[in-house]
Amino acid sequence: MTLNIGKILVNEIMTKEIDLTLGQVRKDGNVGLAGREKTATEFWIPESLEVSPDATSADYKLAMRLLAGGVAAITVGSGAEMTGFTATSVVSLSAEPPRLMFGISQTSSSWKALTEGRAFAVNLLNSDANNVADRFAGRAGVKGIARYDNAEWKTRKTGVQTLASAMAGFDCEVEEILLRYDHAIVIGRVKEAWISQNQTEEPLLYWQGAYGTFS
């Protein structure tokens, strides 16, 4: 990785421009597509503003419980290494080119399969898929490939399993992983997107620690 660093002050926020040559998965956890060069601009707050304390974790968690989100099952791995997790942090990053992103804990049981396989699928769950959401959340101790039980799956371009009953989905390659604290931001290159033929379905939502719908 080659770093060419320069600094400018814009509206009291420092920026540094870093030319990144993205390679294979490395020991430091950085992940990229081999041979691709991108320019990233990282912003940080000047030290003079860092002396102010952050919000408490308790207050942060309490407020975030009021942020309703759509529920997705993210599938990773292949063969006996198939696993996955339930997420409410999936967001669109760009339509041209099609990119999405989500957050994941580096202690997640899916972390190894995600970083080694470098592919995943986002399966948007409908309001009848509480059981899928629970299994991929690891409730009742369900782990690994057992999370795929009692559902129909389909293989798409990347080889990762996708949920046949999903409202919509995205088959993705890992484009970049940004490590932050004990989590990581995963940017996915969308290779295929699809929607269910049943357009009367409602999405499964998560709010205040429980599943719900618009109804």
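The first residue in the sequence is number 1, and the count goes up from there. Any value given below was found using the heavy atoms of this structure, including those in side chains, with hydrogens, waters and symmetry copies removed. Being a predicted model, the structure only gives us computed values, none of them experimental.
- Note: Leu67 CG to Gln208 CD = 11.0 Å, rounded to the nearest 0.5 Å.
- When the side chains of ILVMFWY residues are joined at heavy-atom separations under 4.5 Å, either directly or via intervening members, Ile74 and Leu163 end up in two distinct hydrophobic clusters.
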(message) Determine whether Val76 and Met82 satisfy the following criterion, side-chain contact (heavy atoms from CB on, under 4.5 Å), listing intermediate values before the conclusion.
(response) CA-CA 6 Å; Val76 297; Met82 290 194 310; over 6 Å; no
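- Counting heavy atoms from C-beta outward, Glu175 and Arg99 have side chains that approach closer than 4.5 Å.
- Relative ring orientation between Tyr148 and Phe136 is described as perpendicular, the plane-to-plane angle rising above 60° on a 0-90° scale split at 30° and 60°.
- To the nearest 0.5 Å, atom CD1 of residue Ile185 and atom CZ of residue Arg180 are 6.0 Å apart.
- Taking the side chain as every heavy atom from C-beta outward, Cys172 and Arg189 never approach each other to under 4.5 Å.
- Ala72 approaches Leu124 most closely through the heavy-atom pair CB-CD2, 4.0 Å.
- A donor-acceptor pair under 3.5 Å is absent between the side-chain atoms of Asp134 and the main chain of Arg139, judged by distance alone.
- Note that CG of Leu114 is 5.0 Å distant from CD1 of Ile104, once rounded to the nearest 0.5 Å.
- Side-chain contact check for Ser127 versus Glu201: every heavy-atom pair is 4.5 Å or farther apart.
- Separation of atoms CG (Leu62) and CE (Met64) is listed at 11.5 Å; rounding is to 0.5 Å.
- Both Val90 and Val190 belong to a single network of hydrophobic side chains, linked directly or stepwise wherever heavy atoms of I, L, V, M, F, W or Y lie under 4.5 Å apart.
- For the atom pair CG of Asp54 and CG of Asp59, the computed distance is 12.0 Å after rounding to the nearest 0.5 Å.
- Two rings, from Phe102 and Phe120, have their centers less than 6.0 Å apart.
- A continuous path of Ile, Leu, Val, Met, Phe, Trp and Tyr side chains, each step under 4.5 Å between heavy atoms, connects Ile187 with Val91, placing both in one hydrophobic cluster.
- Atom CD of Glu81 sits in a sparse spot, with 12 or fewer heavy atoms from other residues, nucleotides or ligands closer than 6.0 Å.
- Residues Ser196 and Asn198 bring no donor and acceptor atom of their side chains to less than 3.5 Å of each other.
- In this structure, the side chain of Asp171 engages the main chain of Thr158 through a donor-acceptor pair within 3.5 Å.
- Thr75 places a side-chain heavy atom less than 4.5 Å from the side chain of Asn123.
- In this structure, the side chain of Thr88 does not engage the main chain of Val71 through any donor-acceptor pair within 3.5 Å.
- Remark: the backbone N or O of Arg156 is not paired with any side-chain donor or acceptor of Gln161 at under 3.5 angstrom.
- Taking all atoms of both residues into account, the shortest heavy-atom contact from Ala133 to Leu204 is CB-CD2, 3.9 Å.
- The shortest side-chain heavy-atom distance between Ser92 and Leu100 does not fall under the 4.5 Å cut-off.
- Annotation for Ser105 and His183: closest pair N-CD2, 3.5 Å, computed over non-hydrogen atoms.
- Thr213 has its side chain out of reach of Leu205: every pair of non-hydrogen atoms, C-beta onward, lies at least 4.5 Å apart.
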(request) Output, in order, the C-alpha distance, side-chain angles, deciding distance and verdict of salt bridge (charged side-chain N to carboxylate O under 4.0 Å, His left out) for Glu173 and Arg118. (result) CA-CA 6 Å; Glu173 293 177 341; Arg118 298 199 301 167; over 6 Å; no
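- Taking hydrophobic clusters as Ile, Leu, Val, Met, Phe, Trp and Tyr residues chained together by side-chain heavy-atom distances below 4.5 Å, Val160 does not share a cluster with Trp194.
- Across every non-hydrogen atom of Ala73 and Val132, the tightest pair is CB-CG1, 4.3 Å.
- Of the inter-residue distances, the one linking Ser78 atom OG with Ile145 atom CD1 reads 9.5 Å to the nearest 0.5 angstrom.
- In this structure, Thr115 contributes its side chain and Trp111 its backbone to a donor-acceptor pair below 3.5 Å.
- Closest non-hydrogen pair, Arg147 versus Gly84, comes out as NH1-O, 2.5 Å.
- Checked by atom type and distance alone, the side chain of Thr162 pairs as donor or acceptor with a backbone atom of Lys154 at under 3.5 Å.
- Taken together through direct or relayed side-chain contacts under 4.5 Å among Ile, Leu, Val, Met, Phe, Trp and Tyr, Leu125 and Phe170 form parts of separate hydrophobic clusters.
- Within a 6.0 Å sphere centred on CH2 of Trp207, other residues, nucleotides and ligands contribute 12 heavy atoms or fewer.
- A donor-acceptor contact shorter than 3.5 Å is absent between the side chain of Thr83 and the backbone of Ser110.
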